[in-house]
Amino acid sequence: QFLAIQNEITERKELERKLVESKYKLEQAMEIAAFGVWEVNTISGEIFLSKELREIYDLPVDASITLDHIYNLIHPDDVDYVKEVIIKATKGEKSELEYRLIIKGEERYMVSNIAPSFNKEGELVTFFGTVKDITERKITELALKQSEEEKAAVLNNAQAVICLHDLNGIIIDVNPVVTKLTGFTKEELTGESIEKIIVPEYRGQFKYYLQEIAEKQTAS
């Protein structure tokens, strides 16, 4: 003799299929976006690092990793800052931070989002986050900033008249010599046409000046 009990599990199997499919799509999206994911279990102390994050941090795929391993990668000037943010996460605060890593002797810039996770009793059980390598973007930003600082230094210290304007002759920036020469402040000139500081008998040449710049990229 035998006794058999049958249960229909179609709905459950469909839910399982959707969860697996959703997880696969999420993993694909993170891989495409080059996002790394990590999670720290505050009870067991275990740390999970996604495959993408191990690649970003240049860590072994299957090795056990501790927080000390991570701290050793962080730029010495940023370690205290990162620790402060993590302490805030353990107290339930969400944060976004930028920091630097030293990977193979090279300085890399990271941006990370950190969030806590609580159980039904309101106890912190994990805190987790994402990591993205923003080195290329950061280098571009720093280069632009340096370029702007160098431009400002030239504008402010040059003894010649310097005026930055668009192709319609609208003033974008001027150096201090212009304000001394014309009596107008920088604020009064910005957004105005260069014609404002050209004496009437020369204003007829202004349109030819702009036309020559448009055609030849230079004018005299």
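These values consider heavy atoms only, across backbone and side chains, with no hydrogens, waters or symmetry-generated copies.
- Within the 3.5 Å criterion, the main-chain N or O of Glu187 finds no donor-acceptor partner in the side chain of Thr190.
- The hydrophobic cluster containing Ile198 also contains Val161, counting ILVMFWY residues as joined when their side-chain heavy atoms lie under 4.5 angstrom apart, directly or transitively.
- Atom CG of Leu144 has more than 12 heavy atoms from other residues, nucleotides or ligands within 6.0 Å.
- The side-chain heavy atoms of Pro116 and Phe128, taken from C-beta on, include no pair separated by under 4.5 Å.
- Sorted by first then second residue, the ring-ring contact (aromatic ring centres under 6.0 Å, His included) pairs that include residues 158-209, not counting sequence neighbours, are His165-Tyr209.
- Transitive grouping of hydrophobic side chains (ILVMFWY, heavy atoms separated by less than 4.5 Å) keeps Ile102 and Ile134 in distinct clusters.
- If you take CZ on Arg54 and CG on Asp62, they are separated by 7.5 Å, rounding to the nearest 0.5 Å.
- Distance alone, capped at 3.5 Å, is enough to place a donor-acceptor pair between the Thr182 side chain and the Val178 backbone.
- Looking at Tyr109 and Leu101, their side chains never come closer than 4.5 Å, going by heavy atoms from C-beta outward.
- Note that SG of Cys163 is 8.5 Å distant from CD1 of Ile172, once rounded to the nearest 0.5 Å.
- Hydrophobic clustering of Ile, Leu, Val, Met, Phe, Trp and Tyr side chains at less than 4.5 Å, counting indirect connections, unites Ile47 with Val82.
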Given side-chain contact (heavy atoms from CB on, under 4.5 Å), test Leu59 with Ile65 step by step and report yes or no. CA-CA 9 Å; Leu59 294 170; Ile65 303 297; 4.3 Å; yes
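- No chain of hydrophobic side-chain contacts below 4.5 Å, direct or via other Ile, Leu, Val, Met, Phe, Trp or Tyr residues, connects Phe48 to Tyr57.
- Shown here for Ser95 and Val85, the closest heavy-atom pair between the two residues is CB-CG1, 3.5 Å.
- A heavy-atom distance below 4.5 Å is found between the side chains of Asp78 and His75.
- Within the 4.5 Å cutoff, side-chain heavy atoms of Leu49 are placed close to those of Ile70.
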List the steps and the verdict of side-chain contact (heavy atoms from CB on, under 4.5 Å) for Tyr71 and Ile86. CA-CA 12 Å; Tyr71 287 139; Ile86 289 178; 3.6 Å; yes
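- Listed by chain and number, the residues in a side-chain contact (heavy atoms from CB on, under 4.5 Å) with Arg108 are Ile103, Glu106, Met110, Asp133, Thr135, Glu136 (sequence neighbours excluded).
- No side-chain heavy atom of Asn41 sits under 4.5 Å from any side-chain heavy atom of Val125.
- For the pair Ile171/Lys196, no side-chain contact is recorded, criterion being any heavy-atom separation below 4.5 Å from C-beta on.
- In this structure, the separation between CD on Glu107 and CZ on Arg100 is 5.0 Å, given to the nearest 0.5 Å.
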List the steps and the verdict of ring pair (Phe, Tyr, Trp, His ring centres under 6.0 Å) for Phe127 and Trp38. CA-CA 9 Å; Phe127 57 95; Trp38 58 268; 5.8 Å; yes
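- Heavy-atom neighbours of Gln159 CD from other residues, nucleotides or ligands within 6.0 Å: at or below the threshold of 12.
- Lys186 is not listed as a side-chain neighbour of Asn175, based on a closest heavy-atom distance of 4.5 Å or more.
- Within the model, atoms CD of Gln205 and CZ of Arg203 stand 13.0 Å from one another, a figure rounded to the nearest 0.5 Å.
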Using the rule given for salt bridge (charged side-chain N to carboxylate O under 4.0 Å, His left out), can you reason through Glu141 versus Lys145, listing the C-alpha separation, both sets of side-chain angles and the distance that settles it, and then say yes or no? CA-CA 6 Å; Glu141 289 176 359; Lys145 181 180 178 182; over 6 Å; no
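- Between Glu96 and Val111 the shortest side-chain heavy-atom distance falls below 4.5 Å.
- Between atom OG of residue Ser193 and atom CD1 of residue Ile170 there is a gap of 5.0 Å, rounded to the nearest 0.5 Å.
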For residues 210-220, run the donor-acceptor check on the side chains, cut-off 3.5 Å, and write out each pair with its distance to 0.1 Å, sequence neighbours left out.
residue	atom	partner	partner atom	Å
Gln211	NE2	Glu215	OE2	3.3
Gln217	NE2	Ala214	O	3.4

Step by step, would you call Glu39 with Glu46 a side-chain contact (heavy atoms from CB on, under 4.5 Å)? CA-CA 8 Å; Glu39 184 178 50; Glu46 292 179 332; over 6 Å; no
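- Connection of Leu142 to Ile139 is not established within any shared hydrophobic cluster, with ILVMFWY side chains joined at heavy-atom distances below 4.5 Å, either directly or through further cluster members.
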For side-chain contact (heavy atoms from CB on, under 4.5 Å), just list the numbers for Leu189 and Ile194, CA-CA rounded to whole Å, side-chain angles, deciding distance to a tenth of an Å, and then say yes or no. CA-CA 8 Å; Leu189 291 173; Ile194 295 177; over 6 Å; no
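- Atom OG of Ser112 and atom NZ of Lys132 lie 12.5 Å apart (nearest 0.5 Å).
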